[in-house]
S.K.: 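What follows is a single structure, and I will ask about it in a moment.
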Amino acid sequence: MFNMLRMDLRRLFRGRGFRAVLLITTALMLLVSLMTAVVSDPETLEDMGARGAEIDEIDRQMSEEILNMTQLDLAHETLGGGFLLIIVGIGVTLFVNGDFSSGFIKNTCCAQPRRIRYVASKTLTAGVYSGVITLLGVALILLAPYLFGMRPAPSSVSDILQYLFWMWLLHWAFAMMALALVLLTRSATLGIILSLVAGGGLTAVLLGTLSKLLRLPSLEQYLLASVVKGVYAPQSGMIQAGMILACVAAWAVIYGVGSLLAMEKQDI
């Protein structure tokens, strides 16, 4: 299995697709930081108003709120919406689907008949993939505002490390969802669509609406996108670690078992 993992990691880091994802993530984080800096600058708002733009009291309040945010407040405003979930889901989908589109999966399964080794290798690779993307995204969104003249109040190193760790675990579990979907459907297109839907929170919204209609408990709060959104709150900091670990463990088991069952298909 370790040989397979080493091969997967080599293919990952040497692949143009992975480098493209890193560049896209960097560009979007810088763009978001630039837009935030523009919106939060009172002088810019006044200048826009003088040029005919409609600037009301709500815009000024939003600008003041942004200026009063800490580093983590500002970071989670961007990352809490599931942006990195989508990036991770799409990246893992394309990476794993490459085995099927190229036919490499047949050679792999002939050399390693035990399918659990393949799933374990891809799971660990997904963990590395999600770790790199999460680290890059968090680092950029914490530091980029300073490039554009913003000065958010510094957050403690321990809080930042906690945030990074919990976000990594949640994104890893989401990456396992992408892995399971590819192995089950053998379709990159469907995997990308589902990553967009689930990562963007649409699945949570639909499940929440259904739960209210059927008068069920709020099941949507246990979806990964919802946990990512609530992992940090400005007033209380991190949510309970037990909640995150329970959701990560539960979904990891579900997606891991789903991946193993999908690999038992006889057409490989």
Side-chain angles (χ1 to χ4, degrees), residues 4 7-29 31 79 81-109 115 118-134 136-137 170-207 209-210 220 223-229 251-252 254-268:
M4 189 182 298
M7 180 180 63
D8 280 338
L9 292 177
R10 186 184 301 115
R11 186 162 63 91
L12 172 66
F13 290 124
R14 290 183 177 180
R16 289 180 297 178
F18 182 64
R19 292 195 292 269
V21 168
L22 295 182
L23 288 175
I24 291 172
T25 303
T26 300
L28 290 177
M29 290 293 99
L31 179 61
L79 303 183
F83 168 74
L84 291 184
L85 286 176
I86 295 173
I87 293 293
V88 167
I90 292 176
V92 171
T93 296
L94 294 175
F95 177 75
V96 178
N97 187 70
D99 286 354
F100 292 94
S101 60
S102 65
F104 184 71
I105 184 67
K106 295 185 181 295
N107 296 331
T108 302
C109 290
R115 307 294 171 85
Y118 178 87
V119 173
S121 176
K122 288 297 186 287
T123 298
L124 293 176
T125 303
V128 174
Y129 195 111
S130 57
V132 173
I133 297 299
T134 304
L136 177 65
L170 290 165
H171 285 74
W172 188 0
F174 193 85
M176 291 184 65
M177 180 203 76
L179 169 62
L181 289 174
V182 172
L183 297 181
L184 180 64
T185 65
R186 316 282 172 83
S187 170
T189 302
L190 186 57
I192 290 173
I193 293 174
L194 292 176
S195 293
L196 288 168
V197 171
L202 181 58
T203 304
V205 173
L206 294 176
L207 182 58
T209 302
L210 183 62
E220 74 280 1
L223 297 181
L224 291 171
S226 298
V227 181
V228 165
K229 187 174 183 178
W251 288 114
I254 291 173
Y255 295 138
V257 172
S259 297
L260 288 174
L261 292 176
M263 283 298 293
E264 293 303 320
K265 288 184 178 181
Q266 299 300 317
D267 59 338
I268 297 179

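Atoms considered below: every heavy atom in the structure, side chains included; atoms not considered: hydrogens, waters and symmetry mates.
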S.K.: Which heavy atom in Ile90 sits nearest to a heavy atom in Ser195, and how many Å separate them?
M.R.: N-OG, 4.0 Å
S.K.: How long is the span from the CG atom in Leu85 to the CE atom in Met177, to the nearest 0.5 Å?
M.R.: 8.5 Å
S.K.: Work out which heavy atom in Ser259 is nearest to a heavy atom in Leu183; give both atom names and the distance.
M.R.: CB-CD1, 3.7 Å
S.K.: Set out, in order, the CA-CA distance, both residues' side-chain angles and the distance that settles side chain to side chain contact (heavy atoms under 4.5 Å, CB included) for Val227 and Trp251, then state yes or no.
M.R.: CA-CA 12 Å; Val227 181; Trp251 288 114; over 6 Å; no
S.K.: Rounded to the nearest 0.5 Å, what separation is found between the CD1 atom of Ile86 and the CG atom of Leu196?
M.R.: 5.5 Å
S.K.: Determine, step by step, whether Thr25 and Val21 satisfy the side chain to side chain contact (heavy atoms under 4.5 Å, CB included) criterion, reporting the C-alpha distance in whole Å, the side-chain angles of both residues, the deciding distance to 0.1 Å, and the verdict.
M.R.: CA-CA 6 Å; Thr25 303; Val21 168; 4.1 Å; yes
S.K.: Does Arg10 have more than 12 heavy atoms from other residues, nucleotides or ligands lying within 6.0 Å of its CZ?
M.R.: yes
S.K.: Distance from Thr93 atom OG1 to Leu181 atom CG, nearest 0.5 Å?
M.R.: 7.0 Å
S.K.: Table please: side-chain donor-acceptor pairs of residues 123-131 below 3.5 Å, with sequence neighbours left out.
M.R.:
from, atom 1, to, atom 2, distance (Å)
Thr123, OG1, Val119, O, 2.7
Thr125, OG1, Ser121, O, 2.8
Ser130, OG, Ala126, O, 2.9
Ser130, OG, Gly127, O, 3.0

S.K.: What is the distance from atom CG of Leu79 to atom CD1 of Ile87, rounded to the nearest 0.5 Å?
M.R.: 11.0 Å
S.K.: Determine the minimum heavy-atom distance between Ala198 and Thr203, stating which atoms define it.
M.R.: CA-OG1, 3.5 Å
S.K.: Out of curiosity, Ile193 CD1 to Thr189 OG1, how far, rounded to the nearest 0.5 Å?
M.R.: 6.5 Å
S.K.: What pair of heavy atoms forms the shortest contact from Leu22 to Ile133, and how long is it?
M.R.: CD2-CD1, 3.7 Å
S.K.: Just do the side chain to side chain contact (heavy atoms under 4.5 Å, CB included) check on Val257 and Leu261 with the steps written out, would you?
M.R.: CA-CA 6 Å; Val257 172; Leu261 292 176; 4.0 Å; yes
S.K.: What I'd like to find out is whether the side chain of Leu94 reaches to under 4.5 Å of the side chain of Phe18, using heavy atoms alone.
M.R.: no
S.K.: Write down the atom of Ala178, the atom of Gly89, and the distance for their closest heavy-atom approach.
M.R.: CB-O, 3.5 Å
S.K.: Any Lys/Arg nitrogen of Arg186 or Asp99 sitting under 4.0 Å from an Asp/Glu carboxylate oxygen of the other?
M.R.: no
S.K.: Drop me the distance from His171's NE2 to Met176's CE, to the nearest 0.5 angstrom.
M.R.: 15.5 Å
S.K.: Nearest heavy-atom pair of Val88 and Ala175: which atoms, and what distance?
M.R.: CG1-CB, 3.6 Å
S.K.: Regarding Arg11 and the six-membered ring of Phe95, is the cationic atom NZ or CZ under 6.0 Å from the ring centre and inside 45° of its axis?
M.R.: yes
